[in-house]
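Structure first, then comments.
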Amino acid sequence: ASVVVDACRAEGRAPHLTASTYRQWERCPAFTPSTDEESFGPRLPRYRPYPASLCRGDPDKPFNLSPEVLIVTSQTESTCFGIDVSKRWLDIAEHGRSPVLRIDNTAAAIRGWLRTLPPGAVRFACESTGTYHRLLVRLLIGAGHQVYLIDGYTLSRYRDTLGQRAKTDRHDAGLIARYLAHEGARLRAFSLPPRAVTELRALLRRRATLVRGLGRIRQSMEELPGFAREVRAVTERIQALIKRLEQRIAALIGASGWSDPYRRILKVEGIGALTAAGLCATFHRARFSGGDAFIAFLGLDVTVRQSGT
């Protein structure tokens, strides 16, 4: 496509193709960039098909395609993969193709699959699943690919707008691939947070889990006679573990160089040590253009919903 465009631009005119020559050109193997720039591969960034109306009527009747159309079609087309993540396996769908591939959710299986990917621009999207998607995302980003995380609520609403009744792992993989292909232009690629941020958030989540469990144990056992000593021993051990986590959180903040912002946050009325630690982790999650961007990231910005006024 670029050769045709360059030749036509040199002559000051747009490419002039016929329906029959376009069909032949569309089926031809295309150039695949490589390190030596001289290899031809079986897979080329696929060209977006033109409307069928262009190929009706006289097969040799010419029609015009502007250089801009050819450039946008050939250079911005990228392969989109949607991945449904579970604890044991990954269901992988390529937009516009079938069937859906299933592999184990292990580092060896993911690396083996990455070696089979076509050259060129490849984008991936998956649903945020707590912890099960982290290995996949880390390996994809490490291999130099763009990755997009889609929250489950957005994906559910998107499914409803399409009227898709079935919901399986394979259907979800295809839905994610379609969402990325159609809505990817307005999405922002995911970036891995600093290691200190990941560790601090993990410590805060584990502490919250222990606190909830401790409250349930106390409520469940307080009116049961004959187990006071055992309950006291269990709760004391959980409290000791919570204390160790808090000490680790404080040490991590100091080791990461966040002591100054941490102390400034503590001066805000109503904010305690744990909330300040969580805000520190969020501050350093990514670069924000300003306070408004950070508030929007937290989901606390004002949203306007009005109609007819």
(request) Might you work through the side-chain contact (heavy atoms from CB on, under 4.5 Å) test for Arg237 and Val234, ending with a clear yes or no? (result) CA-CA 5 Å; Arg237 295 194 62 178; Val234 171; 6.0 Å; no
(message) Would a single hydrophobic cluster contain both Phe81 and Val147, if residues Ile, Leu, Val, Met, Phe, Trp and Tyr are joined by side-chain heavy-atom contacts under 4.5 Å?
(response) yes
(message) I'd like to know if Phe297 and Leu204 are part of one continuous hydrophobic network [Ile/Leu/Val/Met/Phe/Trp/Tyr, side-chain heavy atoms within less than 4.5 Å].
(response) no
(message) Could you measure the distance from the OG1 atom of Thr209 to the CG atom of Leu214? Nearest 0.5 Å is fine.
(response) 12.5 Å
(request) Can you measure from CG (Leu245) to CD1 (Ile242) and round to the nearest 0.5 angstrom? (result) 7.5 Å
Show me the side-chain donor-acceptor pairs of residues 151-174 shorter than 3.5 Å, one per line, residues at least two apart or across chains.
| from | atom 1 | to | atom 2 | distance (Å) |
| --- | --- | --- | --- | --- |
| Asp151 | OD1 | Thr154 | OG1 | 2.7 |
| Asp151 | OD2 | Tyr153 | N | 3.2 |
| Asp151 | OD2 | Thr154 | N | 2.9 |
| Asp151 | OD2 | Thr154 | OG1 | 3.1 |
| Tyr153 | OH | Arg157 | NH1 | 2.5 |
| Arg159 | NH2 | Asp172 | OD1 | 2.7 |
| Thr161 | OG1 | Tyr158 | O | 2.6 |
| Gln164 | NE2 | Ala166 | O | 3.2 |
| Lys167 | NZ | Asp172 | OD2 | 2.9 |
| Thr168 | OG1 | His171 | N | 3.1 |
| Thr168 | OG1 | His171 | ND1 | 2.7 |
| Arg170 | NH1 | Val100 | O | 3.0 |

(request) To the nearest 0.5 angstrom, please state how far the CZ atom of Arg287 sits from the OG atom of Ser191. (result) 11.0 Å
(message) In the structure I gave you, are the side-chain heavy atoms of Leu180 and His95 within less than 4.5 Å of one another anywhere?
(response) no
(request) State which residue, out of Gln146, Glu94, His145, fulfils the side chain to side chain contact (heavy atoms under 4.5 Å, CB included) condition with Val122. (result) His145
(message) I'd like to check Leu200 versus His284 (side-chain heavy atoms, cut-off strictly below 4.5 Å). Are they in contact?
(response) no
(message) If I take atom CG from residue Leu224 and atom CD from residue Glu230, how far apart are they, to the nearest 0.5 angstrom?
(response) 10.0 Å
(message) Taking salt bridge (charged side-chain N to carboxylate O under 4.0 Å, His left out) as the cut-off, I'd like each qualifying pair that reaches into residues 192-221, sequence neighbours left out, listed once.
(response) Glu199-Arg248, Arg207-Glu246
(request) Give a yes or no on this: more than 12 heavy atoms of other residues, nucleotides or ligands lie within 6.0 Å of atom CZ of Phe227. (result) no
(message) Is there a path of hydrophobic side-chain contacts, each under 4.5 Å between heavy atoms, that joins Tyr148 and Leu175?
(response) yes
(message) To check you understand the geometry: which heavy-atom pair defines the closest contact between Ala125 and Ile150, and what is its length?
(response) CB-CD1, 3.9 Å
(message) Under the criterion side-chain contact (heavy atoms from CB on, under 4.5 Å), I'd like the reasoning laid out for Cys126 against Asp84: C-alpha separation, chi angles, the key distance, then a yes or no.
(response) CA-CA 6 Å; Cys126 65; Asp84 184 79; over 6 Å; no
(message) I'd like to check Leu136 versus Phe124 (side-chain heavy atoms, cut-off strictly below 4.5 Å). Are they in contact?
(response) no
(message) Quick check: closest heavy atoms across Cys280 and Pro261, and the distance to 0.1 Å?
(response) SG-C, 4.3 Å
(message) Taking the side chain as everything from C-beta on, heavy atoms only, tell me whether Asp292 gets closer than 4.5 Å to Asp301.
(response) no
(request) Calculate, to the nearest 0.5 Å, the distance between atoms CD1 and CH2 belonging to Ile103 and Trp113 respectively. (result) 6.0 Å
(message) Distance check, rounded to the nearest 0.5 Å: Ile265 atom CD1 versus Thr275 atom OG1?
(response) 10.0 Å
(message) Are Asn105 and Arg88 packed together at the side-chain level, in the sense that at least one heavy-atom pair is separated by less than 4.5 angstrom?
(response) no
(message) Using only atom types and a distance under 3.5 Å, with no angle test, would you say the side chain of Thr235 pairs donor to acceptor with the backbone of Arg232?
(response) yes
(message) I'd like to know if Tyr262 and Val268 are part of one continuous hydrophobic network [Ile/Leu/Val/Met/Phe/Trp/Tyr, side-chain heavy atoms within less than 4.5 Å].
(response) no
(message) Are Leu192 and Leu252 linked, directly or through intermediate hydrophobic residues, by side-chain heavy-atom contacts shorter than 4.5 Å (ILVMFWY only)?
(response) no
(request) Report yes if the side chains of Leu117 and Leu114 come closer than 4.5 Å at any heavy-atom pair, otherwise no. (result) yes
